[in-house]
Enquirer: 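The following block contains the structure, expressed as structure tokens.
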Amino acid sequence: MSTQFGDLADAPASFVIAGARMLDPSDGSDGIRDLVVLDGRIAAGSEVPNGIPRLDGRGLIVAPGLCDLHTHLREPGGEGAETIASGTRAAAHGGFTTVCAMPNTDPPLDEAARVAWVISLGRGASARVRVIAAATRGRAGETLTEVEDLAAAGAVAFSDDGAAIPTARLARTALQGLGPTGLPLIEHAEDPSLAAGTMMRAGPVATRLGLPGWPPSAELVIVQRDLALAEETGGRLHLTHLSTAAALDAVRRAKDRGVRVTCDVTPHHLSMSDAWVAGERRFTWDEPDDMAGALDAETAFDGRCRVNPPLANRDDALALLRGVADGSIDAIATDHAPHPPERTLVEFGEAAPGMIGLETAFSIGLAAVDAGCLTLAALLAALSTRPAALIGEERGLRPGAEADLVVFDPAARWRVERGALVSRSANTPLLGMTLPGVVRLTVAGGRVVFDEGMGLLV
Ligand code: DOR
């Protein structure tokens with residue numbers, strides 16, 4: 001099968017996919033239909049002119065394009081690990097049509113000109129690039145950035161991701177200052193006074209491995225602080241990569257009180273537990289065997305399992321999964337964090353935290369669906385319509401809408417290996433595992449940006 005990439009500067013596409021299942025969380029529709037795309041827009045089935053390519057959609061599912069709220073594209077400064085070009089190809093390969101670039105680049109995205117530069121590079125990329133600007137200058141946690149200028153340059157949110165806003169006073173000022181922009185503060189909830197020097201989630205596995213443990217309170221105290229500040233100021237708060245049931249409970253209660261808060265969770269915090277640091281390689285929804293958490297000499301202490309916040313324990317991971325299922329978690333966001341081998345294939349305590357996610361997120365979600373933990377509609381809502389709405393993007397398969405969609409084969413499986421990934425980095429503990437769900441076509445903004453054997457890009 002030939003794999004081809006296109007970009008957003010290509011000509012708008014025209015094609016028909018016949019007999020595919022169309023599932024659209026924007027209106028709850030789900031049924032077998034023909035999808036007609038004419039000049040980059042979804043058209044009614046009766047409007048097909050002659051000469052339009054007709055693709056066999058039997059066995060395939062069409063859904064709105066996925067939207068990632070948390071992507072590290074590493075450009076500028078980290079081009080050895082990823083670039084805007086390679087990261088957006090990885091996105092298109094994974095079914096994502098939008099990625100939100102995190103500002104912890106070198107230099108950081110804390111000035112309007114830098115935000116505008118990333119956006120301009122994204123115009124010819126394989127996925128839409130939206131920019132999350134730094135909340136503080138230099139991400140130093142001292143002075144807030146010029147939020148109105150950054151918003152005018154196109155920023156869709158503000159964050160010092162990689163670190164929390166260090167003081168309650170600054171977080172309060174940020175939430176107030178963002179008011180006129182209408183944009184959210186995206187918080188990496190981690191108290192450094194509790195997290196510094198830790199390597200994995202605190203608990204029996206960390207104790208057995210002898211690694212310093214990160215207590216769940218490191219997340220909860222910042223979540224509670226920021227919820228109080230959002231409630232008091234009326235500011236918009238988005239908590240990213242939640243990893244504990246306690247933090248999720250606090251968010252649920254705040255939502256019930258009408259606080260303007262939303263949150264996301266990563267695919268790895270749903271699917272992998274702290275036992276993965278000891279070498280476990282089964283997903284959280286699989287029944288653990290008697291050896292769960294026992295040391296596996298082949299896979300234990302893999303630096304690619306080091307992530308920030310650290311992989312949760314199984315109970316927390318399953319609680320987060322229930323949060324996606326019941327909608328109290330707004331989105332699944334990848335925290336795609338590419339790092340070169342010299343920063344991950346090292347002693348566990350030396351490894352740079354983070355793993356890639358754009359090309360595996362959808363398949364992990366589909367594995368959770370296959371295991372009966374999530375409905376396909378809930379997964380697609382968490383990956384497409386709901387995150388898109390948070391950054392003001394529309395998604396949907398209605399006639400008249402711009403074609404922005406993913407076509408995938410839910411029954412096909414693929415093996416995660418270096419040669420199967422288009423990201424510049426391959427830092428994921430999933431290497432060697434077989435996952436369900438193969439993306440066959442991604443259409444972003446009316447353009448075919450990824451085609452695996454459908455024959456639209458040759
Ligand atoms: O694991 C992580 N990696 N968590 C973060 O918050 C930052 C990220 C990165 O930039 O590598």
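Being a predicted model, the structure only gives us computed values, none of them experimental. Both ligands and their constituent atoms are indexed starting at 1 by order of listing.
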Enquirer: What I want to check is whether the side chains of Asp264 and Thr240 have a donor and an acceptor closer together than 3.5 Å.
Expert: yes

Enquirer: If we ignore angles and hydrogens, is there a donor and acceptor under 3.5 Å between the side chains of Glu393 and Thr98?
Expert: yes

Enquirer: In the protein, which heavy atom is nearest to atom 1 (O) of ligand 1, and how far is it?
Expert: Asn308 N, 3.0 Å

Enquirer: Nearest protein heavy-atom contact for atom 10 (O) of ligand 1: which residue, which atom, what distance?
Expert: Asn104 ND2, 2.9 Å

Enquirer: Would you mind telling me which of His268, His188, His336 makes a ring pair (Phe, Tyr, Trp, His ring centres under 6.0 Å) with His241?
Expert: His188

Enquirer: Distance under 4.0 Å to a non-hydrogen atom of Gly354: what atoms of ligand 1 satisfy this?
Expert: 1 (O), 2 (C), 3 (N)

Enquirer: Could an N or O of ligand 1 be found under 3.5 Å from any N or O of Pro353, whether backbone or side chain?
Expert: yes

Enquirer: For Val307, take its heavy atoms, then give the atoms of ligand 1 lying under 4.0 Å from any of them.
Expert: 1 (O)

Enquirer: Any non-hydrogen atom of His339 lying under 4.0 Å from ligand 1?
Expert: yes

Enquirer: Under 4.0 angstrom from ligand 1, any heavy atom of His241?
Expert: yes

Enquirer: For ligand 1, which atoms have a heavy atom of His188 less than 4.0 angstrom away?
Expert: 6 (O)

Enquirer: Please could you name the atoms of ligand 1 that His72 approaches to less than 4.0 Å, counting only its heavy atoms?
Expert: 7 (C), 8 (C), 9 (C), 10 (O)

Enquirer: Taking atom types as modelled, find out whether Arg252 and Ser328 have a side-chain donor-acceptor pair closer than 3.5 angstrom.
Expert: yes

Enquirer: Which atoms of ligand 1 have any heavy atom of Gly162 under 4.0 Å away?
Expert: 6 (O)

Enquirer: Would you please say whether a donor-acceptor pair under 3.5 Å links the side chains of Asp110 and Thr145?
Expert: no

Enquirer: Have Thr83 and Glu79 got a donor and an acceptor in their side chains that come within less than 3.5 Å?
Expert: no

Enquirer: Does either side chain, that of Asp335 or that of Thr266, offer a donor lying less than 3.5 Å from an acceptor on the other one?
Expert: no

Enquirer: If hydrogens are left out, which of His336, Arg343, Arg74 has an atom nearest to atom 9 (C) of ligand 1, that is, the closest non-hydrogen atom?
Expert: Arg74

Enquirer: Tell me the contacting part of Met102 for ligand 1: side chain, backbone, both, or neither, using a 4.0 Å heavy-atom threshold, strictly below.
Expert: neither

Enquirer: Distance alone, cut at 3.5 Å: any donor-acceptor contact between the side chains of His339 and Ser425?
Expert: no

